[in-house]
Amino acid sequence: MTADEYYRLGNEYRKQGNWQMALNNYMEAIALDPESPAVQAKEMLDQILSFYHKDYYNP
């Protein structure tokens, strides 16, 4: 899969509320392309999880 495909898949998981799979796909996209928009998406998701779901997420 390409970085763009991982990014889009991460977006679909995020919309479904599947935070872990979204993060996994964003990280795969970033590994393939460090300039991917997944960088911003992952940062956004990190902020959301650290604020709303502190018990789910521990960086």
Side-chain angles (χ1 to χ4, degrees):
M1 288 178 62
T2 67
D4 188 52
E5 290 170 329
Y6 277 116
Y7 169 66
R8 291 173 193 248
L9 189 56
N11 285 341
E12 290 301 316
Y13 281 119
R14 181 183 45 81
K15 289 175 188 174
Q16 297 169 9
N18 190 337
W19 311 116
Q20 187 59 53
M21 288 301 294
L23 281 172
N24 290 346
N25 281 282
Y26 290 152
M27 288 189 291
E28 286 291 335
I30 293 166
L32 292 172
D33 179 11
E35 301 295 318
S36 169
V39 173
Q40 289 81 20
K42 182 184 176 300
E43 289 173 1
M44 177 190 68
L45 192 53
D46 286 342
Q47 291 175 357
I48 291 169
L49 291 176
S50 68
F51 183 79
Y52 289 110
H53 300 288
K54 292 179 182 170
D55 53 334
Y56 291 157
Y57 184 72
N58 187 8

Practice problem: Find the distance between OH (Y13) and OH (Y26) and round it off to the nearest 0.5 Å. | Solution: 12.0 Å
Practice problem: Evaluate side chain to side chain contact (heavy atoms under 4.5 Å, CB included) for N25 paired with N11, printing each intermediate quantity in order. | Solution: CA-CA 9 Å; N25 281 282; N11 285 341; over 6 Å; no
Quiz item: What is the distance from atom CE of M21 to atom CD of Q16, rounded to the nearest 0.5 Å?
Solution: 9.5 Å
Quiz item: Does W19 belong to the same Ile/Leu/Val/Met/Phe/Trp/Tyr cluster as Y7, with side-chain heavy atoms less than 4.5 Å apart forming each link?
Solution: yes
Exercise. Take Q20 and N24 through the test side chain to side chain donor-acceptor pair (under 3.5 Å) and record every step on the way to the result.
Key: CA-CA 6 Å; Q20 187 59 53; N24 290 346; 3.0 Å; yes
Self-check item: L9 side chain reached by E5 side chain, heavy atoms, under 4.5 Å
Solution: no
Quiz prompt | Pairwise distance CZ(R8) to CE(M1) - rounded to 0.5 angstrom | solution = 11.0 Å
Quiz prompt | Rounded distance [0.5 Å steps], CE in M44 versus NZ in K42 | solution = 12.0 Å
Mind listing the side-chain donor-acceptor pairs of residues 29-40 below 3.5 Å, one per line with the distance, residues two or more places apart or on another chain?
| residue | atom | partner | partner atom | Å |
| --- | --- | --- | --- | --- |
| D33 | OD1 | E35 | N | 3.0 |
| S36 | OG | A38 | N | 3.0 |

